[in-house]
Structures are given as C-alpha cells and as structure tokens.
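Only one structure is covered here, and it is reproduced in the block below.
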Amino acid sequence: MKRSYKLLILIAIFALAIFYNNVDDRVEFIENLSIPIGIGYDIKLKTDGDIIYSVPTNVYLFESNGTSTSKVVMAEGNTLLETRGNRQDKLGKKFFIGLEKVYLFGDELAQYGLMDVIEGVFNEPLISDMGYGVVCKGKAENVLKYPVKGYISSAEFIEGLIKNLKYGNFFGKDFKMSDVFLKMSSEGRKTILPYIEIKDNTIAVTGVAIFNQDKMVLKMNMKDTRMLNLLTEDNVQGTISVKDNANDYVSAMVLSKRKVDCIKKDDNYKFIINLNLKTDISYDRSKTPVYENKKNEEMFKKKLSQQVENEAADFIKKMQSIYKLDLIDLGRVAAAKYGRRKGVDWDKIVSDSQIDVKVNVKVDRVGRGKF
Amino acid sequence: MERDNELLAPVEFMSIIIGNMIGTGILTLPAKVSKYAHEDGWIAILIGAAYPLYLVILGIYISKKYPNNNILELGRKYCGKLMGNMFNGLFLINFLFNGTIVLASISNITRVYVSYFIPQYKSIIAILIVVVYTSFKELKLIGRLNLVVFFVTIIFIMIPGVALKSGSILNISPIFSAGVEDIFKASVQSVFAYAGVESFFLIYPFVNDKKKIKKYTIKSVVITTAVYLWAEFVSLFYLGDELINKSRFPLIATTETVVVPLINNFRYIFILLWSNVMLKTIVNNYFFTTFILKDFIKTSDRKYICMFIFPIWLFLSIYYGNLINTDKIVSFVSPIIAAFNILYITFITILIGRDNRYEKKL
C-alpha cells in the first residue's frame with residue numbers, strides 16, 4: 001500500500017512536470033535580454049492629422065569580457081505598441097520591460113499630449129512606473145544619443161540628474177511616473193516635470209515643463225522655477241541670499257515648509273500661503289552680522305521674509321495675469337475643503353482670487369564662527 | 001455531533017471567520033466603494049459591516065440556545081428533513097460561490113501582476129491541488145492554519161502603511177460630501193468583501209469554550225472591518241479618489257511606495273505574500289463545501305468528497321473567465337446570496353425564539 005502511494009506521487013510529479021514544462025518561451029535567460037535604461041518618445045505629425053510615434057530606446061549591451069555599453073535603438077509605429085514589433089526587428093535579443101529608469105518626452109510630443117504614453121505605463125503591469133518622467137528640448141532621440149563622459153549612457157546620467165534635483169532650488173522629489181499618475185488625475189493639480197537641454201557640452205536641467213491635463217502648456221526658466229517650487233512644494237531645500245552689494249550679503253541654506261489656507265466668502269476665494277523657512281546661515285558677510293545680537297537677527301529675518309514675499313508676489317502676479325493657470329496647486333486645497341467634482345474651473349478661480357504669501361523665517365543653525 | 005476530533009480554541013474560531021472574509025475582496029474594495037461614495041468610502045464600509053454584524057448577533061443567540069447543533073441540523077429540525085436539506089443546499093452555495101470566485105480572482109490577479117506566462121486554467125489547477133490537499137485535513141488543522149495566516153495578514157496589511165509618507169491628508173477630505181443614496185449604493189458593493197461570515201453557523205459547535213463565542217465573534221467582525229477601513233484609508237490617502245477609480249487593485253498600487261534595494265518594484269513581493277492570504281480563503285471555502293456535503297451524503301470519509309468536487313470547482317472557476325465577467329457575476333449574485341442568508345438566518349432565529357417562548361410557558 002505504501003509503495004503504491006509513493007509511485008502515485010512520482011507519477012503525479014512527472015505528469016505535472018510535463019503539464020507545466022511547455023509553459024512558454026516568454027521567459028528568457030538574462031544574457032539574452034536587452035534591458036532598456038531610458039525610453040524616449042517623439043512624434044512625427046503627418047499632414048492629414050495622423051501621427052507616427054518614434055520611440056528611441058537606450059538599451060544595455062552586456063559584453064562577454066564583463067564590460068557593458070549601451071546603444072540607442074530606433075523604432076516607429078502608428079501606435080506605441082506597434083513600435084515594439086518594429087524595435088524587435090532590429091534588436092537581436094528579447095526586449096525586456098520592467099527596469100526603465102527614465103522616460104524622456106520630446107517637447108513636440110509633450111505639446112501634443114502624453115495620454116498614450118501614460119495609458120500604456122499605467123495599464124501594462126510589467127512596465128516600471130518607478131522611472132522618472134522628463135521633458136527635453138528638441139527630439140528625445142538626440143538627447144539619448146548624446147554621449148556623457150563617465151556614464152554608460154545618457155539615460156543613466158539623466159536619472160542621476162533628476163534624482164538629485166531635490167538638493168537645490170527647492171525642487172520636490174515627485175517626478176516618477178507613479179507621481180505623474182497622481183498629479184495628472186487629481187483635481188486642482190498640475191503635472192510638473194523637469195525640462196532638460198543639451199547645453200555647453202552637457203545635459204542640464206534648465207527649468208520645468210508644466211502640463212495642463214496631459215498637454216505641455218508652458219516651459220518655465222530656472223528663476224521662475226525656484227519660486228514655483230517654493231510656492232508649490234512642501235519640505236524642500238535650496239539657497240536664498242539677501243544681498244545689498246558684493247561685500248554685504250548673507251547666504252543661507254533654507255528648508256521650506258508650506259501650508260495653504262483657503263477661505264471662501266460668498267463666491268470669492270482667498271488663499272493664504274504660509275511659508276516657514278528654516279535657515280542655516282552659511283555665508284555671513286553682512287555689516288550687521290546675524291549672530292552678533294538679537295537685533296541683527298530680527299533685521300535679517302525681516303529682510304529675508306520681505307524679499308521672498310516680494311518675489312512671490314511678482315510671481316503670482318505673472319501667473320494670474322499672463323499664464324492664467326493655477327500652477328501652485330491651490331485648487332487642490334480649495335477642492336479638498338469645499339467639495340470636488342463640481343465642475344469648477346480652478347485655473348479661472350485662482351487667477352481671479354486674492355493670494356497672500358506670508359513668510360516666517362527661523363534662524364536655525366550656527367556655523368563655527370564668523371571669520 | 002461527532003466529537004472525535006480536537007475542538008477549536010476560541011481564537012482559532014475567530015481567525016477562521018476572519019480568514020473567510022479577508023481574501024481578494026480587500027484588494028478591490030476601495031475601488032468599489034469609491035465608485036459611488038468617493039471620499040466617503042469608509043462610511044460605506046462601516047455601513048456594510050452591518051451585514052456580518054447582523055448575522056453574527058443572530059448567530060450568537062442561536063448558539064446560546066443550541067450550543068451543540070449547527071445550522072445544518074437546526075435547518076432540518078425546524079423545516080423538516082426535505083425543506084431543511086434544500087435550505088442547506090442553498091447555504092452551501094455561499095461557500096461554493098465565494099471559493100470559486102476567489103479562485104478565479106487569484107488566478108486573474110497573479111496573471112496580471114506576476115505569472116502572465118501561465119494560462120488561467122493551469123494556474124487554477126496548480127492552486128486547486130494545494131487546496132484539495134489542505135482540505136483533506138481536519139477542522140482543527142484548518143483552525144491552526146487560519147490562526148497563523150491571521151497574524152501574517154495583520155503584518156502584511158501594515159506594509160501599505162509606507163504609502164502614508166508620500167500621500168496627503170488633502171486626498172481624504174472633504175468628508176461627508178457624498179449623498180446618502182450614493183453611500184448606500186457603495187455599501188451594497190462592499191457586501192462581497194464581508195461574505196464568508198456565514199462560516200460561523202457551521203463551526204460554533206466545535207468551540208471548546210462556549211462562553212467565549214460571543215466575545216470572539218464580535219471581535220472577528222470588528223477586526224475585519226478595521227482592516228478594511230485601513231485598506232480604504234491608505235489607498236485614499238495615497239492615491240486620491242480619482243486614481244482609485246482608475247485602478248483595478250488600488251491596494252496593490254500603494255505597495256509600490258515601498259523601496260527595497262535590488263528589488264525594482266515591491267508590488268511583486270506583496271502579491272507573492274498576499275497570495276498566501278488568498279489561498280487560505282479558498283482552503284476554508286473548499287473545506288466548508290465538503291463539510292456540508294458530508295452532512296448530506298453521510299459518507300465516513302470526507303476525502304472522497306474532496307476529490308469528487310475538484311472538477312466542479314475547476315469548471316466553475318474557469319467558467320467565470322476574465323476579470324470583467326467575474327466582477328459582473330459578483331455584483332449580480334452576491335447581493336442575492338446575502339439576501340438569502342439574512343432571510344434564512346432570521347427565519348431560523350424567529351422559529352427558535354418562538355419555540356423558546358413556548359417552552360417557557362410550559
């Protein structure tokens with residue numbers, strides 16, 4: 001009895017092995033895969049209104065002596081999925097999705113609309129949505145093909161670039177595709193992605209691209225971007241200088257916290273943005289050194305808050321009169337307080353509302369001393 | 001009642017009831033309630049908890065009057081042999097339906113996220129073999145299994161909590177914005193997530209400490225509701241209503257915020273871990289199906305029944321097909337089953353109550 005039992009198990013194992021062995025050839029050895037680092041998206045507009053997607057893909061090439069390089073493979077198609085087949089014709093290895101680090105959108109595509117790309121990345125469970133979304137000037141193909149010294153590929157460099165943006169200029173850290181889903185879908189928010197260019201023999205971030213729904217409507221330069229970030233993001237860092245002249249200035253590392261209040265009276269909204277700036281003073285070449293006495297500290301605080309408030313007021317004025325968009329996520333706060341899905345046009349409301357910025361400065365850390 | 005097996009400890013009893021409820025429903029629940037109630041989905045989940053609570057309160061009353069007879073025997077006692085058996089057969093559909101739906105869902109979910117290369121019927125067969133083997137065992141072992149998985153579930157469900165660091169409180173407000181009608185619609189949607197509480201009526205005679213039944217049953221409903229509320233809260237906090245409505249499995253999306261070095265996306269790990277929880281739900285339902293069938297057929301060995309219903313389960317879970325079909329069937333059938341349960345249990349309770357009064361008069 002026991003023996004037959006064992007035999008039965010053996011037969012069962014054998015049968016199952018046959019049943020599951022021809023599972024599929026969709027699984028491959030790692031050496032036979034081409035793994036993409038960055039995927040670029042460009043479009044060509046045809047005269048009859050149709051479009052052709054052009055998708056350059058930066059893939060790793062693992063060589064037998066241990067070194068690895070990368071190449072850019074071009075693909076074209078009427079839809080994004082069709083480009084996959086077109087790409088496979090030129091690859092020689094199985095295309096393996098899931099480890100993408102960068103999604104690079106050419107600005108022509110960004111202006112046309114990202115919806116196709118977003119739909120694909122959101123729906124297809126295998127594609128990684130942990131990659132960063134970036135908009136580039138010109139064609140994505142040119143940026144991906146641009147050699148960067150010290151890196152296997154430019155896509156790897158761009159990943160590092162975006163990842164470390166948060167250490168300056170008050171950039172947030174939400175540029176992953178999963179963050180793009182969040183921002184694009186929620187009411188009263190704008191998607192903001194870093195904008196890169198090939199400049200002075202390197203690739204650099206030169207501002208941000210701002211999307212209304214899925215279409216890029218605005219490119220902002222770095223100076224405005226700083227203010228935009230400061231007014232939009234919470235818990236970000238950067239530097240601010242209070243400068244009277246070349247020999248009289250204070251520079252400080254700033255950690256910014258943002259809180260927005262929204263008040264509705266009748267049909268008028270009023271927004272109050274509270275910025276709490278925690279400063280570490282790094283350069284103090286002021287005639288009235290900050291740490292010398294309480295009076296000087298108060299003076300510095302007042303100067304700094306005045307400066308930021310003025311800059312913010314300028315920015316908001318520009319936003320309300322020229323761009324006429326709610327760039328700083330105020331609609332989100334109002335929607336959370338006064339109800340969503342009512343068909344309110346937050347761009348219009350924010351453009352017409354009173355927006356106050358209140359800056360509160362706190363001097364936090366002392367240096368070793370003043371030289 | 002046969003008493004040759006060891007009896008259940010109250011905590012095992014509790015974890016069987018919880019284990020029967022928490023399975024695949026939790027993964028889709030936020031999307032289902034958000035469809036109608038939006039930011040107030042949590043209210044809908046709370047209202048939905050009235051269903052298990054109602055059944056359980058009646059159940060506690062029944063278990064006090066007849067501590068040694070489960071619903072199958074009571075059905076025959078009060079409705080006659082023929083009618084009783086018919087009602088028991090309908091009661092069986094509870095477990096057959098829930099189990100096969102969970103089986104179809106788990107195969108669909110794993111095929112979406114992990115094992116896309118296996119055809120659905122092959123993954124269903126693989127799962128069923130494990131399930132059949134486990135349900136050969138006795139109730140005590142099922143209880144132990146549920147107890148272990150219960151603690152594991154509590155640990156796993158904490159994982160999405162990492163999403164709290166990247167969400168926003170703005171996503172969950174404004175509260176009380178949805179209308180009463182919408183909230184009611186949403187709470188009907190949440191009933192499937194609570195299906196499985198019916199197992200209480202089969203197993204209460206097997207608890208070794210009858211005095212603790214009340215406490216632990218209430219606990220089981222409260223814990224399940226709390227877990228569901230947590231899932232809804234985390235999903236809403238991180239994703240916001242709009243993205244929840246766009247996702248099919250919102251809870252899985254929240255696990256993507258967990259960053260572990262060398263792993264490109266944590267959701268694969270979460271699916272792998274959570275499939276244990278789903279498997280246990282199937283095992284429970286499979287076990288209870290055979291348990292009721294054994295009561296009909298009166299064969300001495302339940303193992304034969306386990307083997308016999310294998311093809312039925314296989315057929316049903318393949319028949320449901322893809323996720324769209326499954327969702328459609330669930331939203332159609334599960335309210336009917338819930339309504340039957342409520343009516344049947346209320347009916348039995350009334351009969352018992354009447355009987356009781358009559359006895360007192362004598």
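A quick note: this is a predicted structure, and the numbers were derived from the prediction, not measured. Chain naming here is simple, since letters A, B, ... match the order of the sequence lines and numbering starts at 1 in each.
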**OP:** Report the distance from atom NZ of B/Lys246 to atom CD1 of A/Ile118, rounding to the nearest 0.5 Å.
**Re:** 11.0 Å
**OP:** Could you grab the distance from atom NZ of A/Lys173 to atom OG of B/Ser166, nearest 0.5 Å is fine?
**Re:** 9.5 Å
Heavy-atom pair of closest approach, residues [X] and [Y]:
X: B/Pro174; Y: A/Ala335; answer: CD-O, 3.7 Å
X: A/Phe122; Y: B/Ser247; answer: CZ-OG, 3.9 Å
X: A/Ile127; Y: B/Arg267; answer: O-NH2, 4.0 Å
X: A/Arg332; Y: B/Ser168; answer: NH2-CB, 3.2 Å
X: B/Ser173; Y: A/Arg340; answer: O-NH2, 2.6 Å

Give a yes or no on this: more than 12 heavy atoms of other residues, nucleotides or ligands lie within 6.0 Å of atom [atom1] of [X].
X: B/Tyr133; atom1: OH; answer: no
X: A/Lys278; atom1: NZ; answer: no
X: A/Lys93; atom1: NZ; answer: yes
X: A/Ile9; atom1: CD1; answer: yes
X: B/Lys165; atom1: NZ; answer: yes
X: B/Phe184; atom1: CZ; answer: no

**OP:** Below 4.5 Å from any heavy atom of chain A, which atoms of B/Ala253 appear? Answer side chain, backbone, both or neither.
**Re:** neither
Subject >> B/Asn245, part contacting chain A, at a heavy-atom distance under 4.5 Å >> reply: neither
**OP:** Check each atom of A/Ala12 against the heavy atoms of chain B and say whether the ones under 4.5 Å are side chain, backbone, both or neither.
**Re:** neither
Subject >> Residue list, side chain to side chain donor-acceptor pair (under 3.5 Å) with B/Arg111, at least two apart or on another chain >> reply: none
Original post:
Between A/Glu124, A/Arg341, A/Glu187, which residue shows the highest count of heavy-atom pairs closer than 4.5 Å to chain B?
Top reply: A/Arg341
**OP:** Quick one: which of A/Asp174, A/Asp234, A/Leu126, A/Val333 has the most heavy-atom pairs under 4.5 Å with chain B, could you say?
**Re:** A/Leu126
Original post:
Does B/Ile129 reach the side chain of A/Leu16, with side-chain heavy atoms less than 4.5 Å apart?
Top reply: yes
Subject >> A/Leu182 vs B/Tyr238, side chain to side chain contact (heavy atoms under 4.5 Å, CB included): CA-CA, chis, key distance, verdict >> reply: CA-CA 9 Å; A/Leu182 289 174; B/Tyr238 174 55; 3.9 Å; yes
**OP:** Using a cut-off of under 4.5 Å on heavy-atom pairs, state which of B/Glu256, B/His38, B/Arg248 scores highest against chain A.
**Re:** B/His38
Subject >> Most chain A-contacting option - heavy-atom pairs closer than 4.5 Å, from B/Ile125, B/Asn265, B/Ile172 >> reply: B/Ile125
Subject >> A/Asp116: partners by salt bridge (Lys or Arg N to Asp or Glu O under 4.0 Å), with sequence neighbours left out >> reply: none
